[in-house]
Amino acid sequence: MVSSTFVVVLIGVVARASAQTHAHQHHRRETSHGEGNFVTFPPSFAFGVGTSAWQIEGNGGDRPRSVWDAFVSELGEEKRVEAERGIGFHELYATDAQMMADAGVKHFKMSLSWPRLMRADGSAIDEGFEYYQNVFGALRERGVEPHVTLFHWDTPMWCCANETIASARGGVCEGAWVKDEIVKDFERYADAVFSRLGKGIKYWTTISEPKTVAEMGYGAGLHAPGRRSVEEQLKVGHNMLRAHALAVALYREKYSQFGGKLSINLNSAWVEPASDSPEDVGAAANAMDEELGWFADPIYKGDYPASMRARLGSFLPEFTEEERVLVKGSVDYFALNHYTSYFVKHVADTRASSQLGLSGKPQPWEITLESEKSKKPIGKEAQSDWLHIVPWGLEKVLLHIKDRYDDPAIMISENGVDIAERGDIAETLDDTTRVKFIDAYLGAAREAMRKGANVVGYFYWSMFDNVEWVDGRSKRFGLVYVDYDGKYGEAMKRYPKKSLEHFSSYMRGEHAEEPALGAARVRHSLDDSFVRVDSKRQGEIFALQGMALTIACVYAAAAAFAGGVKIVEQDERDERSSLV
Ligand code: PNW
């Protein structure tokens, strides 16, 4: 009796699943327009898009200035105006939120403008807080979850010791992240934000890419505030870790009732040895220590990598015992920004041109873009010459994080590619390379997941074309084209590119698969993904997996019997390889 009911139910399930599989496959063909190859993901996997305040808002509402406003103003009037206007998000946020909702965006990485919110005396600017309340409201009522970054590079000008400086180290601002005071200023800012905006925000990051700010802004002088000093660079990195850790401790102490998860966005390229020689392998490991270990090691292990200490000696600040405790464990998940990869080879005569800034300490390795063996470039160059399309690099970074940092939940919080504007709008909107890029990088993430990395989400950078820092409007990373000057009609009008439709189908969950059977982690929502698996839960998971496996066997047997279901190989690696 029991078994015949079971068989009837099972046949029903198999018939439905089989119909769904066919519908799904049919849909895949329909939506792919022959370009790109969709990759399937567990239903809990979060897809999102990213932006940052300075790149999109403009200075609407006459907000006080940041170091980036001052820095690009020095580059000329055109750059100053680009920054002043952004993409007009300050005025257009409601229609932009609608455009996102229509595209199926459920997760949106955005940052808050610190100068818009706080004055030098530590008091809050009400108008700024109201603006973000309105932005969050517009997003929430359309079902878009904000993932909020406190700081994405736009340090308030009031953090500087003086606004116009003429020192050997250059730049538009002295002090700021070099000075210890900023750590307290940042904590005060975080406190004001958490207390006024914290309710309902589920995901926070403190600082987006401390490495880029320290290295490009204070070491190489190529980003704001334009300083060139290896001591300042390392001190800035140190202060950013301290500021981050204090903000997280404050949240955990005072605002834990809001239930948010916190992290810091760490950017990392993949560093591949240029050959199999032990020298090159060692050099690449050391380079990777500086690429990611510089910030991730203190957070996950409690100190800077030993190789950095050995190379940089007293240039590298020390943590006090209290700071070490505060910094270690100061994240709830790993937020990774990943864009490119390169080869590294060992060099006998060390040079002072360093990854750690132009005036860096001599470095016993060299960065190269060609493999020693094949003499082939590591990957195709994007519009930006620093960006090389290397999907396998993402897989390697993810597995490196899994191995080195104790298998954390990893959110890919930024990944994207820029493509130059072309002849006419139709050509520009037809961004097939971006479609292939997305599938290739998602394929690489999926591959890392199959090998055990706990990847919980992926944010494409960026939703919109935006002001690409020193490169201004010229570099276009968006899924949506912005017609800044109105050459096709209205100024600032947004036009969806082909890649938006393509990424939409991921965001809408059209490529979700049933939770994988067997070894995969069983979870149903993004929130589940962050739960630390305790032993009781582990037991439940094993039980669930066992049940899933049993059902799978019966399913497979019944399907084989019915002859209706084929097992499809999902790995479409080769088809994607035209990109690399
Ligand atoms: C990101 N790298 O920075 C930033 O977070 C975004 O604001 C920016 O628009 C985007 O990249 C595109 O440039 C990066 O060294 C910093 O590979 C460093 C690297 C890549 C991106």
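Note that ligands are numbered from 1 as they come in the structure, with each ligand's atoms numbered from 1 the same way. Along the sequence shown, residues carry numbers from 1. The figures here come from the full heavy-atom set of this structure, side chains too, leaving out hydrogens, waters and symmetry mates.
Close contacts of ligand 1 with Asn267, meaning ligand atoms under 4.0 Å from a residue heavy atom, involve 18 (C). Heavy-atom contacts of Thr212 reach the following atoms of ligand 1: 16 (C), 18 (C) (cutoff under 4.0 Å).
When only interatomic distances are considered, the shortest N/O to N/O separation between Gln55 and ligand 1 falls below 3.5 Å. Between Ser52 and ligand 1, no N or O atom pair is found at a separation short of 3.5 Å. Distances between N or O atoms of Trp153 and those of ligand 1 include no value under 3.5 Å. Any N or O atom pair closer than 3.5 Å counts here, and Ser208 shares no such pair with ligand 1. At under 3.5 Å, a nitrogen or oxygen of Glu414, whether backbone or side chain, sits near a nitrogen or oxygen of ligand 1.
The existence of a salt bridge linking Glu145 and Lys106 is excluded, since no basic side-chain nitrogen approaches an acidic carboxylate oxygen closer than 4.0 Å. Ionic pairing of Asp431 and Lys497 is not present here: no N-O contact between side-chain nitrogen and carboxylate oxygen is shorter than 4.0 angstrom. By the 4.0 Å N-to-carboxylate-O rule, Glu290 lies too far from Lys211 to be salt-bridged with it. Taking 4.0 Å as the cut-off between side-chain N and carboxylate O, Glu370 and Lys376 do not count as a salt-bridged pair. At a threshold of 4.0 Å, the pair Asp289-Arg404 counts as salt-bridged, since one of the basic side-chain nitrogens sits closer than that to a carboxylate oxygen.
Looking at atom 17 (O) of ligand 1, its nearest protein heavy atom turns out to be Thr340 CG2, 3.4 Å. With respect to atom 3 (O) of ligand 1, the closest heavy atom belonging to the protein is Glu209 OE1, 2.9 Å. Shortest contact from atom 19 (C) of ligand 1 to any protein heavy atom: Trp386 CZ3, 3.9 Å. Atom 21 (C) of ligand 1 has Tyr339 CD1, 3.3 Å as its closest protein atom, hydrogens excluded (heavy atom only). The closest protein non-hydrogen atom to atom 6 (C) of ligand 1 is Trp461 CZ2, 3.6 Å.
A search for salt bridge (Lys or Arg N to Asp or Glu O under 4.0 Å) contacts involving Arg476 returns Glu421, Asp465, not counting sequence neighbours.
When distances from atom 15 (O) of ligand 1 to the protein are checked, no heavy atom turns up under 4.0 Å.
When the heavy-atom distances from atom 12 (C) of ligand 1 to His338, Glu468, Lys211 are ranked, the shortest goes to Glu468.
Of all heavy-atom pairs spanning Ser275 and Glu372, the tightest one is CB-CB, 4.1 Å.
Across Phe194, Phe129, Trp114, Phe151, a single residue satisfies ring pair (Phe, Tyr, Trp, His ring centres under 6.0 Å) together with Tyr189, and that is Trp114.
Residue contacts with ligand 1 include His152, since one of its heavy atoms falls under 4.0 Å from the ligand.
Using modelled atom types, one side-chain atom of Gln363 and one backbone atom of Trp365 make a donor-acceptor pair closer than 3.5 Å.
Under 4.0 angstrom from ligand 1, there are no non-hydrogen atoms of Lys475.
Donor-acceptor pairing under 3.5 Å is recorded for the side chains of Thr149 and Thr205.
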